[in-house]
Trainee: 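One structure coming up, written as structure tokens, with questions to follow.
Both backbone and side-chain heavy atoms feed into the values below; hydrogens, waters and symmetry mates do not. The residues of the chain are indexed from 1 along the displayed sequence.
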Amino acid sequence: MGFLDFLKEKPRKGTKEFPPEVKMVIEELKKVIDPETELNIVEEGLVYGVTVEDKKAMVWLLLARTTPECHFCQAIAMNVQKRIIKDIIAVLRAKGFNSVKVYNEIGLLLEEWGAENEKNSTL
């Protein structure tokens, strides 16, 4: 079995499949490429969780901090993180979501976009 082959396996007996709307969001998130590794964020394991309610999507990311003592590395990591978040919002907006929230692994809101605040968006 290859490194990421477990992602391609069918659910084992006794496990739940994702609801169709969550599957659709996961497929859309595969379009988001980590500029550092050139892998999509789903296969890379950055997507920690997804919740969908009507046209609202919430995405949790697992963002590791590997070199906190290196200020240059921190700057690069922040730029990569911003790019990934921007791309998540863009693909989900294109799919018709009118609210997108992106959180880190401990539940801190990293970015929020909503159709009602589009004029204030930094995208």
Side-chain angles (χ1 to χ4, degrees):
M1 179 184 295
F3 177 62
L4 298 173
D5 286 347
F6 71 93
L7 294 171
K8 299 174 187 170
E9 289 182 7
K10 294 188 179 201
R12 295 183 189 122
K13 195 173 188 178
T15 62
K16 289 185 178 182
E17 284 197 37
F18 294 120
E21 61 274 9
V22 172
K23 285 182 183 179
M24 182 269 298
V25 168
I26 291 170
E27 285 304 311
E28 289 301 308
L29 292 176
K30 289 180 181 179
K31 297 176 183 176
V32 177
I33 305 300
D34 182 335
E36 236 179 359
T37 63
E38 297 183 3
L39 295 171
N40 77 59
I41 63 170
V42 174
E43 289 180 0
E44 191 174 19
L46 295 182
V47 178
Y48 183 67
V50 172
T51 300
V52 179
E53 297 175 3
D54 299 319
K55 289 293 183 180
K56 297 177 184 178
M58 293 170 274
V59 178
W60 283 263
L61 300 176
L62 185 60
L63 302 167
R65 309 252 193 278
T66 55
T67 54
E69 67 280 348
C70 173
H71 297 293
F72 182 70
C73 296
Q74 286 178 343
I76 292 172
M78 290 302 295
N79 285 330
V80 168
Q81 177 179 313
K82 286 180 184 179
R83 171 68 183 272
I84 289 170
I85 292 168
K86 177 183 170 193
D87 291 350
I88 288 170
I89 292 171
V91 299
L92 295 179
R93 282 179 67 182
K95 196 64 179 174
F97 284 92
N98 60 24
S99 174
V100 179
K101 294 180 181 179
V102 182
Y103 299 89
N104 69 7
E105 64 275 7
I106 61 171
L108 294 175
L109 181 63
L110 300 173
E111 185 75 35
E112 176 178 17
W113 174 85
E116 68 278 353
N117 64 0
E118 187 169 0
K119 290 181 182 179
N120 299 328
S121 177
T122 58
L123 299 179

Trainee: What verdict does the side chain to side chain contact (heavy atoms under 4.5 Å, CB included) test give for Asn104 and Gln81, after you've listed the backbone C-alpha separation in whole Å, the side-chain angles of each residue and the deciding distance to 0.1 Å?
Mentor: CA-CA 10 Å; Asn104 69 7; Gln81 177 179 313; over 6 Å; no
Trainee: Less than 4.5 Å apart, any side-chain heavy atom of Ile33 and any of Asn40?
Mentor: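 Yes, at least one pair of side-chain atoms sits under 4.5 Å.
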Trainee: Heavy atoms, side chains only, cut-off 4.5 Å: are Ile88 and Leu61 in contact?
Mentor: yes
Trainee: Give the minimum heavy-atom separation between Val91 and Glu28, together with the two atoms involved.
Mentor: CG2-O, 3.8 Å
Trainee: State yes or no: do Leu62 and Val22 share one hydrophobic cluster built from I, L, V, M, F, W and Y residues joined by side-chain heavy-atom distances below 4.5 Å, directly or via other members?
Mentor: no
Trainee: Is any side-chain heavy atom of Glu27 less than 4.5 Å from a side-chain heavy atom of Lys30?
Mentor: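 Of all side-chain heavy-atom pairs linking Lys30 with Glu27, at least one is under 4.5 Å.
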Trainee: Measuring only between side-chain heavy atoms, which start at C-beta, is Leu29 closer than 4.5 Å to Val50?
Mentor: yes
Trainee: Kindly compute the distance separating CD1 (Ile84) from CG (Leu110), expressed to the nearest 0.5 Å.
Mentor: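 The distance works out to 11.0 Å.
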Trainee: Distance from Asp87 atom CG to Lys82 atom NZ, nearest 0.5 Å?
Mentor: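 Between atom CG of Asp87 and atom NZ of Lys82 there are 14.0 Å.
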Trainee: Output the distance between atom CG (Asp34) and atom CD (Glu43), rounded to the nearest 0.5 Å.
Mentor: 12.0 Å
Trainee: So Met58 and Glu53, side chain to side chain contact (heavy atoms under 4.5 Å, CB included) or not? Walk me through it.
Mentor: CA-CA 9 Å; Met58 293 170 274; Glu53 297 175 3; 4.1 Å; yes
Trainee: Considering only residues two or more places apart or on different chains, which pairs with a residue in residues 34-63 satisfy ring pair (Phe, Tyr, Trp, His ring centres under 6.0 Å)?
Mentor: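 Ring pair (Phe, Tyr, Trp, His ring centres under 6.0 Å) check on residues 34-63 returns Trp60-Tyr103.
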Trainee: So, for Trp113 and Arg93, which heavy atoms are closest and what is the spacing to 0.1 Å?
Mentor: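 Closest approach of Trp113 to Arg93, heavy atoms only: CZ2-NE, 3.2 Å.
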Trainee: Contact between Lys95 and Val25 at the side-chain level, heavy atoms closer than 4.5 Å - yes or no?
Mentor: no
Trainee: Within a 6.0 Å radius of atom NZ on Lys23, are there more than 12 heavy atoms belonging to other residues, nucleotides or ligands?
Mentor: yes
Trainee: Within the structure provided, determine whether Glu111 and Lys86 are in side-chain contact (heavy-atom separation under 4.5 Å).
Mentor: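 No. Closest side-chain heavy atoms not under 4.5 Å.
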Trainee: Look up atom CZ in Phe97 and atom CE in Met24, then write down how far apart they are to the nearest 0.5 Å.
Mentor: 3.5 Å
Trainee: Report yes if some heavy atom in the side chain of Val59 is under 4.5 Å from a heavy atom in the side chain of Leu92; otherwise report no.
Mentor: yes
Trainee: Tell me, do Asn98 and Asp54 make a side-chain contact under 4.5 Å, heavy atoms counted?
Mentor: no
Trainee: If you look at every heavy atom in Pro35 and Arg83, which pair is closest and at what distance?
Mentor: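 Heavy-atom minimum between the residues: CG-CG, 3.9 Å.
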